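Notes to accompany the following structure.
Quantities reported herein were computed from a predicted structural model and do not represent experimental measurements.
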Amino acid sequence: MRKLLILLTVVLFTASAEAQWRRAGLHGADVRALIADPSDPDLLFLGTSAGEVYVSTDGAKTWENPRRSIPFPGYVVDNLVIDRDGKLWAASWGLWGGGVIAVSADRGKTWERRDKGLEDFSVRAIAIDPNDPQYVLAGGLSGVYRSFDSGKSWKKLSEHENVESLAIDPRTRDRIYVGTWRQGWRSDDGGANWTHIHNGMVLDTDMFAITINPARPDNIWVSTCGWVYSTDNRGDLWTRYRDGFKNRRIHTVDIDPADETGSTVYAGSVAGLYRSEDAGKSWNVISNEDLVINSVVLHPKRPGRVIIGVEGDGVYVSDDRAQTFARTSYGLHNLRITSIATDPVEKEKVYAAVAFGGQASGIYTSKDAGKNWTRITTTPLPEVLSLVVANPATADVPFLAGTERGFFWSKDGAEWTQAAPSHFPIRVNKIVRFNATRSFAATSEGVFTTRDGGREWYRLASSQEKAVDIVVGSIGERRALFALTAAGIAAFDGEKWVTITDAPTKGRTIALRSIAGKQYVFVAGVDGVKAGRVDSFGRWQRTDAPNAKYASVIAATRNNSDLLFLTSRQQREVLVGAPEESDWLELTLPMQGTEVTSIAPDPFDNRYYVGTTGGGVFIYEGAMHRYVQRDPEPAGGVVVAAGGGGSR
């Protein structure tokens with residue numbers, strides 16, 4: 001498949017929750033589709049891997065979600081098309097199978113499904129006759145389907161497997177092009193017969209996109225897993241162009257409509273934007289090579305303007321033929337937040353580790369409780385998985401970061417230094433600060449510790465088992481470190497590691513809760529939540545736990561009090577265990593099915609910062625209320641009218 005999967009979840013705003021929730025001013029998106037209206041160069045539509053569709057009416061300067069909800073939760077919006085009547089079509093494939101084809105007549109405010117009988121079809125491409133909006137083609141993993149009635153009914157047209165791209169000749173809809181993961185095919189008689197158009201192509205050519213030159217429709221360009229190809233005879237013979245490319249995987253290729261000769265061609269690759277001004281003979285990279293480009297938008301009414309949609313990042317616009325680009329993602333909220341930390345000294349200051357996937361990744365800070373953000377990292381960092389911030393008056397190294405490639409430390413959050421060990425790859429899943437100089441970490445190589453503030457780390461008591469999470473607690477009267485490992489729960493009592501007998505052996509997060517002076521250990525993961533007490537002999541004593549699958553437990557501290565947050569994609573309620581409360585409290589998320597990655601309580605105000613996978617940062621302000629158990633809400637479902645196909 002042409003792009004990486006990113007597991008993202010549902011957005012469904014509710015009026016009751018909005019009163020106390022607000023969205024942080026962090027912007028970006030995992031852009032999978034980006035198009036401009038042929039009649040209005042400043043009207044653009046954008047699809048994300050989280051099932052969102054955004055619209056811009058000012059040439060991509062700002063964006064908004066016209067539904068204020070996600071129309072296709074659990075689906076990747078890989079294709080957007082505007083038909084001759086000005087209607088917007090979206091074709092999406094499901095993260096867990098199936099697909100959705102839908103149409104909107106009001107710029108994405110409402111949608112009507114047009115995929116009756118194709119609900120289980122993983123659609124990867126769509127094409128509409130530019131002269132007849134009733135004629136629609138849809139391609140996917142198991143073939144190509146055709147509709148003569150604008151998607152109200154479908155019939156199978158071909159058995160081609162793993163269809164990645166489709167195109168219709170603007171002169172006659174009987175000429176159809178199909179791009180697959182093994183070269184391409186053409187029909188000249190409406191799909192009755194097919195010709196394998198592969199001469200000049202490498203056998204394993206995966207055709208990601210097909211672009212027909214509107215001025216000369218026999219001239220066709222395709223982007224592939226092995227550079228770009230062009231033909232002047234409808235695919236009977238292809239020429240491969242690769243001179244100047246520094247990488248071979250090209251997601252999209254587009255002809256500059258401002259060049260009447262057709263010699264200027266743009267190619268979006270996994271490492272930047274390329275341009276050829278000699279019809280493909282030579283190519284030059286014209287953007288930052290950290291950008292994974294999925295879409296390029298060129299418009300004849302805006303010569304010189306180039307807009308690119310970037311995977312895991314957002315949108316960039318150039319008005320000077322790609323000499324300079326500006327990031328224009330205001331209003332996009334499809335962000336992956338890996339860790340959040342509040343400043344222990346400065347009021348309303350908070351930090352967030354953002355994994356955009358490109359040059360915009362890094363650590364961001366807000367000084368106004370999340371309203372505005374600035375990236376502070378000047379040192380390129382691997383993806384940050386755990387961020388810890390301490391008081392600089394008491395900690396010589398205030399900032400620690402656990403990343404997918406080791407430990408890093410910083411004095412100011414801007415310039416970072418990799419800590420030892422740095423000679424072998426190590427994934428640092430979680431860092432817990434114990435005091436000003438001592439910290440512990442759960443890593444892919446076992447539990448590590450530091451005694452010098454974080455400059456140098458070493459294995460704790462020969463720990464070898466992969467650890468996914470850790471938390472500091474006690475066994476009996478002694479302080480202990482609990483580690484969730486591949487073999488179950490282990491505890492370090494200051495001298496040696498002890499395996500907790502009869503403890504859960506599966507989970508991804510661990511946290512503690514105190515009730516009436518007694519410590520309870522919670523373990524959560526895909527299979528649900530397990531809770532228990534650990535006696536002085538290191539034995540697990542099972543206790544009741546909330547029923548929640550696909551769950552996580554998150555440990556946090558506020559005013560020297562330990563808090564436990566329990567989240568699940570199956571429920572909007574975040575359960576909160578506070579030491580002074582025997583009952584659960586709750587924060588009701590403004591999003592159904594949200595996958596929460598981190599929660600940071602504000603040390604000065606009644607405020608909570610919530611980082612998510614795919615939804616950015618949400619901020620809760622106000623008091624919590626007691627939890628009332630409800631039936632789990634469905635985690636899927638397409639929020640569109642049935643139309644030509646039933647909704648899920």
Is it true that the side chains of N284 and S282 contain a donor and an acceptor less than 3.5 Å apart? no

Return yes if a side-chain donor-acceptor contact under 3.5 Å exists between S49 and D30, otherwise no. yes

Distance check, rounded to the nearest 0.5 Å: E289 atom CD versus L273 atom CG? 11.0 Å

From NE2 (H251) to CD1 (I308), nearest 0.5 Å: 13.5 Å

Step by step, work out the side-chain hydrogen bond (donor to acceptor under 3.5 Å, both in side chains) result for D58 and S56. CA-CA 6 Å; D58 56 9; S56 173; 2.9 Å; yes

Atom NZ of K246: over 12 foreign heavy atoms under 6.0 Å: no

I'd like to know if the side chain of R124 pairs up with that of S122 as donor and acceptor (distance under 3.5 Å, no hydrogens or angles considered). yes

In terms of relative ring orientation, are W194 and H160 parallel, tilted or perpendicular, with 30° and 60° separating the classes? perpendicular

Which atom names give the shortest non-hydrogen contact between A401 and V384, and what distance separates them? CB-CG1, 4.2 Å

Could you state the interatomic distance from CD1 (I337) to OG1 (T612), rounded to the nearest 0.5 Å? 6.5 Å

Identify the two heavy atoms, one from V228 and one from S223, that lie closest to each other, and give their separation to 0.1 Å. CG1-CA, 4.4 Å

Taking atom CZ as the centre, does R302 end up with more than 12 heavy-atom neighbours from other residues, nucleotides or ligands that are less than 6.0 angstrom away? yes

Taking all atoms of both residues into account, what is the closest heavy-atom pair of S147 and S150, and its distance? OG-N, 3.6 Å

Establish, from distance only, whether the side-chain atoms of S187 and D189 form a donor-acceptor pair under 3.5 Å. yes

How many angstroms lie between atom CD of E161 and atom CG of L141, to the nearest 0.5 angstrom? 9.5 Å

Minimum heavy-atom separation for R32 and T48, please, with both atom names. CG-C, 3.6 Å

Could you tell me if the ring centre of Y274 sits under 6.0 Å from that of W227? no

Using only heavy-atom distances, determine whether the side chains of D259 and S263 contain a donor-acceptor pair under 3.5 Å. no

Considering the options D320, D42, D319, which one meets the salt bridge (charged side-chain N to carboxylate O under 4.0 Å, His left out) requirement together with R305? D42

Out of W238, F208, Y177, Y241, which one pairs with W221 under the ring-ring contact (aromatic ring centres under 6.0 Å, His included) rule? Y241

Y135 and F148 aromatic centres sub-6.0 Å: yes

Ion pair check, R249 and E311, cut-off under 4.0 Å: no

Residues R171, D169; criterion salt bridge (Lys or Arg N to Asp or Glu O under 4.0 Å); working and verdict: CA-CA 5 Å; R171 299 166 298 187; D169 192 313; 2.9 Å; yes

Going by heavy atoms in the side chains, are R113 and F72 under 4.5 Å from each other? no

